[in-house]
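What follows is one structure encoded as structure tokens, with my remarks underneath.
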Amino acid sequence: MEPTISLNGIGKKYRIFTRHMDRLKELLHPAGKKYHHEFWALRNITFDVDRGEAVGLLGRNGSGKSTLLQLICGILRLTEGTIQTRGRISALLELGAGFNPDFTGRANVLMNGAIMGYTMEEMEEKMQDIIEYADIGDFIDQPMKIYSTGMYVRLAFACAVNVRPEILIVDEALSVGDIFFQQKSFNTIREIIQSGTTCIFVSHDMEALRSLCNRAILLENGEITYIGSPIEAINIYSHSVKKASVFIPPAVYHPPVAPQEVHYQSRDLMSPEEILAHNVISDTSKGYGTGAMTILGVRVLNKNGYDTFHAEMMETLSFYALIEANETIYDTIVVVNLFDRIGTFVFGGGNREVRHVLPDMSPGQSLVVRVDITFSVKAEEFLFGLAAKGALYKGAETFNSHARIDMLGPIVVTYSKPMADIPFHGIARLPFEVKHAMVEDTAAVNDIS
Amino acid sequence: MAFRFVREVINNRYMLKCLVLRDLKSRYTGSFLGIFWAVIHPVITVITYTFIFSYVLKARLGPAAGTNSFLLWLLCGLAPWLYFSETVQRNVQILIENKMLITKSLFPSELLPLSILLSNMLNHAIMFGIIGIAAVIITKKLTLLILYLPVYIFLLSLFMLGLSWMVSSMNIFLRDIGQVLNVLIGMWFFYTPIVYQPTAVPEGLRVLLKLNPMYYVVEGYRLSLLGIDQAHWKGMLLLFILGVVSTIAGGFIFKRLKPDFAEML
């Protein structure tokens, strides 16, 4: 079978001109004289996308994702290589950007269809579906400038998917609209992928990518660094995002080394050197607190001893913290906090919550603390933070936050097993159990009811 | 190329209609007198000029003018000029105004200048209804020469389409073009015999006048509306050639620059 989208060694070169005039001169120069410096936004991109396949594009800002989509759509001119696409392309590059706010919703839908190559009659047929899907009622005949953002987005999305394109291209547009529409749009996308539409997504929403895509492509500085399973791509990507600020070797086996002298409380704690060797705190991490304590380092390992911010649902990650006291601290407390994507405080837990007493500390002393957290939460991204607290005199009632660092991570929780085996539904797994007993006397039950 | 463009226009006729309507609406929505401004503006301009030239400067029309009414005569010259200048000046910015359409969707941007042209043509048509009526009332004659008028409008539009494509696409790369054009059009107004008769120009300079395409347009309009019986075949032929050359050149430049619009905007 012929692939639906076929990219062969494509590259996009931006020409950097020192003067604006040079650009015009070069374009109109009969002999093709060059006036520019070159910048390759994309280079050597080769991949095929088969019919009905969903491919996610990952990469940091400026890695060339959006440029790639614009090239596939044909909005930008290719510098080298070839792109072949089979079928109509429906593109959501910034939701509703191709819409004209002065026109009515209906006129915009018709024009959008015309751009995609549908006749007026075909679009009139689809109109009712689109209006229903977008759920905007009589507003369809109002100019779009009076639409709310939600209506705008809904109509744009409805328009893009209801024309049943052969190829759907979505740039960072999946996480718009209210949660109901989000769900609806996710379901629709799944549906149209199943019906054979080929999809390409760009999203920083890892959860969306993981659940929708068969394949993910990781772009870095305009080149493909990975093509393959979405989970692996997310893992590599999460590491590379972190790498920019602080070096963490990705997925290298570092078994906890048993210390020679047992001055730690437990054998499976790390030495300060080991923590600092793979410290996830960068210089840019935002820290605050009274300054009576310092968080010197944090290291995150999974149960296999890999340095990672990725956890499969129900998997445990170990947070190792190296804390130093600058003053005398009584009733030392170390806490790990989790926040979700929109900043909800999901969980906070440390030694005090499990009645684990940490020693008092005198100035200059340091302490290694390990907090194991089982991610019995839904598959999503979380940011985490650490706080070190304690009393400055014995028997104090209030505990000040002496050192605190937030916005670490993101920790990506995934679920990749069959949905039937999912350990819980919803946001978090609360402790629960199920019991049962077979009723012997069915007649008695019937009597009661 | 020309054939493809015509087919594209037919395929996108609904879009073109929307664009034209939008332009017309955006011009007059919210204003109390609405579409009447299309008439009020040129009429007031003409009255002002008539006052200055006819009463203050005591300019008198020669026999070649075809009418004694300075007002009517001026109106015939000014109408095509306003059609021309408004269209071209607005089209210079049209691609930049519609940046989002061009950078975020596969939009047939070559339709934008055409839509402005058509919308101005409609404005223009209203003007012409009025001038036509005024001409009949004042000169008390209606000749078949008026049938030349659509031909002149077509030839002028062809010339403007090419010019619009040229300036609108080049203006993306060099924004100075819009400014330069404004200055040029200001000068061009006086280069064209609108407020003066070509016969008033010294013999030696009249050759220069004939290099100006707008000269033939203005003369053609007056010929048709005022019933001066001297066919301008040469002028018409020149306009036709110019129109075709301008459309082809404009179309070529537009097509050549179009793939880089999204990048430049």
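The structure displayed is predicted, hence computed values, not measured ones. Order of the sequence lines fixes the chain letters, A, B, ..., with proteins taken first and strands second; residue numbering starts at 1 for each chain.
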Please tabulate, for the side chains in residues 183-193 of chain B, all donor-acceptor contacts under 3.5 angstrom to protein atoms that are two or more places apart in sequence or on a different chain.
unit_1: B:Trp188; atom_1: NE1; unit_2: B:Asn212; atom_2: OD1; d: 2.8
unit_1: B:Tyr191; atom_1: OH; unit_2: B:Leu208; atom_2: O; d: 2.6
unit_1: B:Thr192; atom_1: OG1; unit_2: B:Trp188; atom_2: O; d: 2.8
unit_1: B:Thr192; atom_1: OG1; unit_2: B:Asn212; atom_2: ND2; d: 3.0

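With a 4.5 angstrom heavy-atom cutoff, B:Ile102 touches chain A only via backbone atoms. At a 4.5 Å heavy-atom cutoff, the contact between A:Ala107 and chain B is made by backbone and side-chain atoms alike. Proximity to chain A is absent for every atom of B:Asp176, based on heavy atoms less than 4.5 angstrom apart. In this structure, chain B has heavy atoms under 4.5 Å from both the backbone and the side chain of A:Met111.
For the pair B:Glu110 and B:Lys255, the salt-bridge criterion is not met [side-chain N within less than 4.0 Å of a carboxylate O]. Between B:Glu219 and B:Lys210, none of the side-chain N atoms (NZ, or NE/NH1/NH2) sits under 4.0 Å from a carboxylate O, so this pair counts as no salt bridge.
A cation-pi arrangement, defined by a distance under 6.0 Å to the six-membered ring centre and an angle within 45 degrees of its axis, is present between A:Arg88 and A:Tyr118.
A side-chain donor from one of B:Asn182 and B:Gln89 sits under 3.5 Å from a side-chain acceptor of the other.
When each of B:Ala262, B:Pro108, B:Pro259 is checked for heavy-atom pairs under 4.5 Å with chain A, B:Pro259 comes out on top.
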